[in-house]
Enquirer: 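Sharing a structure, written as structure tokens. Questions coming.
Since the structure is predicted, the reported quantities are computational estimates derived from the model, not experimental observations. The figures here come from the full heavy-atom set of this structure, side chains too, leaving out hydrogens, waters and symmetry mates. In what follows, chains are A, B, ... by sequence order, proteins preceding strands, each numbered from 1.
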There are 4 protein chains.
Amino acid sequence: MPRTKKQFEDMRKSSKQKILDAAIVVFAKEGYHSSTVSAIAKKAGISQGLMYNYFKSKEKLLNELMIGMMESFMNDFMPIDPKQKFSRKDVVNFINLGVDLVLEDPKYWKLYFSVFLQPDVFAIVMDKIMEMVQPYFDALAAYFKEKGEKDPVVMMRYFSAVMDGIQLHCMIDPKTFPAEKVKKILIKQFA
Amino acid sequence: MPRTKKQFEDMRKSSKQKILDAAIVVFAKEGYHSSTVSAIAKKAGISQGLMYNYFKSKEKLLNELMIGMMESFMNDFMPIDPKQKFSRKDVVNFINLGVDLVLEDPKYWKLYFSVFLQPDVFAIVMDKIMEMVQPYFDALAAYFKEKGEKDPVVMMRYFSAVMDGIQLHCMIDPKTFPAEKVKKILIKQFA
Amino acid sequence: MPRTKKQFEDMRKSSKQKILDAAIVVFAKEGYHSSTVSAIAKKAGISQGLMYNYFKSKEKLLNELMIGMMESFMNDFMPIDPKQKFSRKDVVNFINLGVDLVLEDPKYWKLYFSVFLQPDVFAIVMDKIMEMVQPYFDALAAYFKEKGEKDPVVMMRYFSAVMDGIQLHCMIDPKTFPAEKVKKILIKQFA
Amino acid sequence: MPRTKKQFEDMRKSSKQKILDAAIVVFAKEGYHSSTVSAIAKKAGISQGLMYNYFKSKEKLLNELMIGMMESFMNDFMPIDPKQKFSRKDVVNFINLGVDLVLEDPKYWKLYFSVFLQPDVFAIVMDKIMEMVQPYFDALAAYFKEKGEKDPVVMMRYFSAVMDGIQLHCMIDPKTFPAEKVKKILIKQFA
DNA sequence: TATGAATGAGGATTCATTCAT
DNA sequence: AATGAATGAATCCTCATTCAT
């Protein structure tokens with residue numbers, strides 16, 4: 001039974017999604033500033049002009065992209081509602097996933113991190129991101145308190161800094177960084 | 001009567017330094033790509049053209065700047081020849097300085113870190129930096145071995161990742177990051 | 001509704017031709033180096049940026065322009081396939097046209113000649129031109145051989161040098177150069 | 001007997017001459033526009049600034065250079081006062097020298113010719129040159145008249161065009177142009 | 001919704017020329 | 001006479017964005 005044209009269309013990715021998919025690849029490879037709208041459009045298989053039907057500007061595209069990435073990362077990291085308390089298993093999971101996800105796709109993460117370090121780019125994205133991250137910080141602090149740490153907020157800050165450092169090194173040098181052994185150290189120390 | 005050789009040399013040195021000083025501020029504030037040569041020249045109080053007397057291109061300027069920063073950081077970090085073994089005191093020093101220096105000048109460090117995360121920018125600088133850093137890594141590994149760690153290279157990689165994570169968080173949020181307490185944790189764990 | 005393929009193609013063709021037409025005038029008048037892209041765009045009635053849609057650089061523009069000129073000259077000169085033998089009539093035609101075309105448009109020819117005399121400019125264009133010209137040289141040599149010259153290749157070289165000299169003088173001083181009388185001398189001597 | 005310092009100085013080329021010598025080499029190699037004052041100064045072994053003590057501008061330098069070249073060429077070509085009548089031997093000599101000099105130094109001649117073909121460059125030099133050349137044209141016309149040509153001025157124009165064509169080809173392709181055989185043809189035809 | 005030609009502002013870079021010594 | 005640092009105008013080129021269809 002042949003599909004109708006309409007159905008066929010629906011099966012394809014929407015143009016908007018094609019653009020986002022292309023943008024993440026291009027931004028990750030070239031960096032935000034060195035990526036051209038034309039390169040993104042080409043990769044997405046659409047015209048430059050069309051991009052402006054979906055995104056007001058290159059900046060807005062980055063913005064929407066980053067928020068999407070954040071959401072997806074958070075889903076991967078923490079399938080758990082941060083309003084609930086974290087169990088030990090959650091934290092072990094957090095550590096393992098935190099390392100593994102980066103190793104799977106160092107390039108995307110580089111994009112993600114680099115945004116925080118380029119003042120002009122960070123400004124595009126800051127507000128929304130901060131608001132998304134806070135609940136997870138709170139839940140972690142609660143976990144360390146539960147665990148009997150005498151300074152749980154400090155421990156949470158330390159832990160999240162350490163995780164970022166590990167992820168950074170995984171990104172920069174995914175080939176030689178001893179990720180498995182480091183995960184063990186982390187679990188022993190924090191979970 | 002022309003100026004003496006020495007006079008010319010002093011002029012060059014002073015102008016070049018003015019440019020480097022301006023560049024570090026502008027790059028750190030705007031990011032590499034968003035910084036314009038004209039803004040750097042203006043900040044340095046010289047003409048755009050003059051910059052090209054001292055640096056073949058904007059890229060070379062970044063390159064020389066980064067190498068200079070690296071050298072100066074290394075001097076601050078480790079007044080000790082990395083070919084000698086590190087003592088416990090050296091490592092304590094390393095930790096304290098590593099955090100304090102970032103807190104003193106978060107902007108410069110942001111530049112430093114951001115370079116590692118922008119593939120196109122990192123390429124400008126990679127070779128030389130890698131070569132400079134290696135001896136310090138070796139000395140750290142040797143220290144952990146001495147200390148009886150059973151996997152000193154892993155420990156060294158872990159330690160340097162952790163340090164970078166701490167520095168990253170100091171940079172992003174110097175006001176609320178509990179730097180002093182974190183230093184204590186680090187010293188207890190690694191030194 | 002987007003334009004059709006054909007519409008786009010027509011637009012491209014027309015814009016490209018506008019640029020080429022403008023470029024030949026400007027290059028001929030100012031010389032390659034003294035011609036600015038902005039002057040060419042202005043003359044063509046388009047924006048500077050658009051030029052780069054059609055030509056990767058000023059150099060490529062010259063290159064394509066010269067090749068186009070060559071082709072058109074060759075068509076005018078020799079409506080005959082150079083792989084066929086030249087008849088006496090062809091050579092008479094060659095001489096007459098060679099002089100007349102220059103007198104019609106001394107400026108274009110100045111551009112053409114000047115390219116051969118500026119090493120840096122010639123380099124832009126050399127390869128392609130040489131390859132286009134060779135068959136005509138061969139056909140001329142064959143003609144002189146047929147005619148019984150004992151050293152046809154030398155004669156061909158001599159003839160083409162003489163023609164260039166005549167054209168050069170027509171160009172530099174189209175008003176007082178005795179073109180008609182010189183044509184007669186040439187025909188008597190070479191055809 | 002040791003020379004005094006003064007004598008030593010005199011033995012060196014004057015700075016002005018050094019600049020002219022350097023300029024001819026650089027202009028010939030790079031073309032006028034692509035030659036930089038700094039490259040000329042470097043080749044001359046003096047500072048950029050000094051050039052402006054001797055020549056008001058790059059243009060003036062070209063101007064003086066070309067006039068010097070012209071004078072020297074004319075001396076080589078025609079050691080004879082053009083106010084005297086040319087003998088057959090003079091013309092033979094003219095032909096031989098005209099070809100040989102070009103073959104000795106094709107680069108310098110390219111510079112010389114190219115000036116005539118670049119409108120902006122030619123303007124720098126035109127007036128003086130024209131005035132120098134006229135007497136030789138007159139003497140040649142007189143020679144052809146003597147020789148019984150029925151249209152001696154046309155013959156003179158033709159001859160000088162032919163010579164320029166030959167020289168042009170010698171310049172462009174000094175290696176394969178059959179200069180010796182062509183000289184014989186020329187002598188037979190014109191002397 | 002979709003196209004890609006066209007725009008134009010802005011940026012890196014070069015280089016003749018000037019200037020202080 | 002000599003130096004070379006410093007200037008700044010000019011130029012090529014890029015690219016986000018708009019527009020006509």
Enquirer: Find the distance Phe27(A):CZ to dA16(F):C1' and express it as a whole number of Å.
Expert: 12 Å
Enquirer: When you measure from every atom of DNA chain F, which of residues 51-64 of chain B have a heavy atom less than 4.0 Å away?
Expert: Asn53(B), Tyr54(B)
Enquirer: What nucleotide among dA16(E), dA2(F), dC12(F) has an atom nearest to a side-chain atom of Gln48(C)?
Expert: dC12(F)
Enquirer: Can you work out whether Ser38(B) or Gly45(C) has the more 5'-proximal nearest nucleotide on DNA chain E?
Expert: Gly45(C)
Enquirer: Check the distance between dT18(F)'s C1' and Leu50(A)'s CG and give it to me in whole angstrom.
Expert: 14 Å
Enquirer: In whole Å, I'd like the distance from the CD atom of Glu30(A) to the C1' atom of dT14(F).
Expert: 15 Å
Enquirer: Go through the steps for Glu71(B) and Lys128(B) under the test salt bridge (charged side-chain N to carboxylate O under 4.0 Å, His left out), then give the verdict.
Expert: CA-CA 11 Å; Glu71(B) 274 167 359; Lys128(B) 186 74 184 179; 5.9 Å; no
Enquirer: So if I take residues 7-23 of chain B and measure heavy-atom distances to DNA chain E, which residues fall below 4.0 Å?
Expert: Gln7(B)
Enquirer: Apply the test salt bridge (charged side-chain N to carboxylate O under 4.0 Å, His left out) to residues Glu64(B) and Lys56(B): give CA-CA distance (whole Å), side-chain angles for both, the deciding distance (0.1 Å), then the verdict.
Expert: CA-CA 11 Å; Glu64(B) 215 164 297; Lys56(B) 279 243 166 69; over 6 Å; no
Enquirer: Can you find a donor-acceptor pair, distance only, under 3.5 Å between Arg3(B) side chain and dA20(E) base?
Expert: yes
Enquirer: Ignoring the backbone of Ser47(C), work out which of dC12(F), dG8(E), dA20(E) is nearest its side chain.
Expert: dG8(E)
Enquirer: Tell me, please, whether Phe55(D) has Lys16(D) positioned over its six-membered ring: NZ or CZ under 6.0 Å from the ring centre and within 45 degrees of its axis?
Expert: yes
Enquirer: To the nearest Å, how far apart are Lys42(C) NZ and dC12(F) P?
Expert: 14 Å
Enquirer: In whole angstroms, how far is the P atom of dT7(F) from the CD1 atom of Ile46(B)?
Expert: 7 Å
Enquirer: Answer with base, sugar-phosphate or nothing: what part of the nucleic acid does Ser35(B) contact at a heavy-atom distance below 4.0 Å?
Expert: sugar-phosphate
Enquirer: Over how many whole Å does the gap from Lys6(C) atom NZ to dA5(E) atom C1' extend?
Expert: 16 Å
Enquirer: Mind checking the CD1-OG spacing from Ile67(B) to Ser72(B)? Nearest 0.5 Å is all I need.
Expert: 13.0 Å
Enquirer: Choose from dA16(E), dA6(E), dT17(F) the nucleotide whose nearest atom is closest to any side-chain atom of Val37(D).
Expert: dA16(E)
Enquirer: Classify the side-chain pair Asn63(D)/Glu59(D) by whether it contains a donor and acceptor separated by less than 3.5 Å.
Expert: no
Enquirer: Among Tyr112(B), Phe122(B), Phe27(B), which residue meets the ring-ring contact (aromatic ring centres under 6.0 Å, His included) test with Tyr32(B)?
Expert: Phe27(B)
Enquirer: If you count heavy atoms of other groups shown closer than 6.0 angstrom to CD of Glu9(C), is the number above 12?
Expert: no
Enquirer: Apply the test salt bridge (charged side-chain N to carboxylate O under 4.0 Å, His left out) to residues Glu30(A) and Lys107(A): give CA-CA distance (whole Å), side-chain angles for both, the deciding distance (0.1 Å), then the verdict.
Expert: CA-CA 10 Å; Glu30(A) 312 282 344; Lys107(A) 279 199 181 145; over 6 Å; no
Enquirer: dT21(E) pairs with which nucleotide, Watson-Crick or G-U wobble, both distances below 3.5 Å?
Expert: dA2(F)
Enquirer: Look through every strand shown and name the nucleotide pairing with dA12(E) as Watson-Crick or G-U wobble, where both distances are under 3.5 Å.
Expert: dT11(F)
Enquirer: Find the distance between OG (Ser114(D)) and CE (Met171(D)) and round it off to the nearest 0.5 Å.
Expert: 8.5 Å
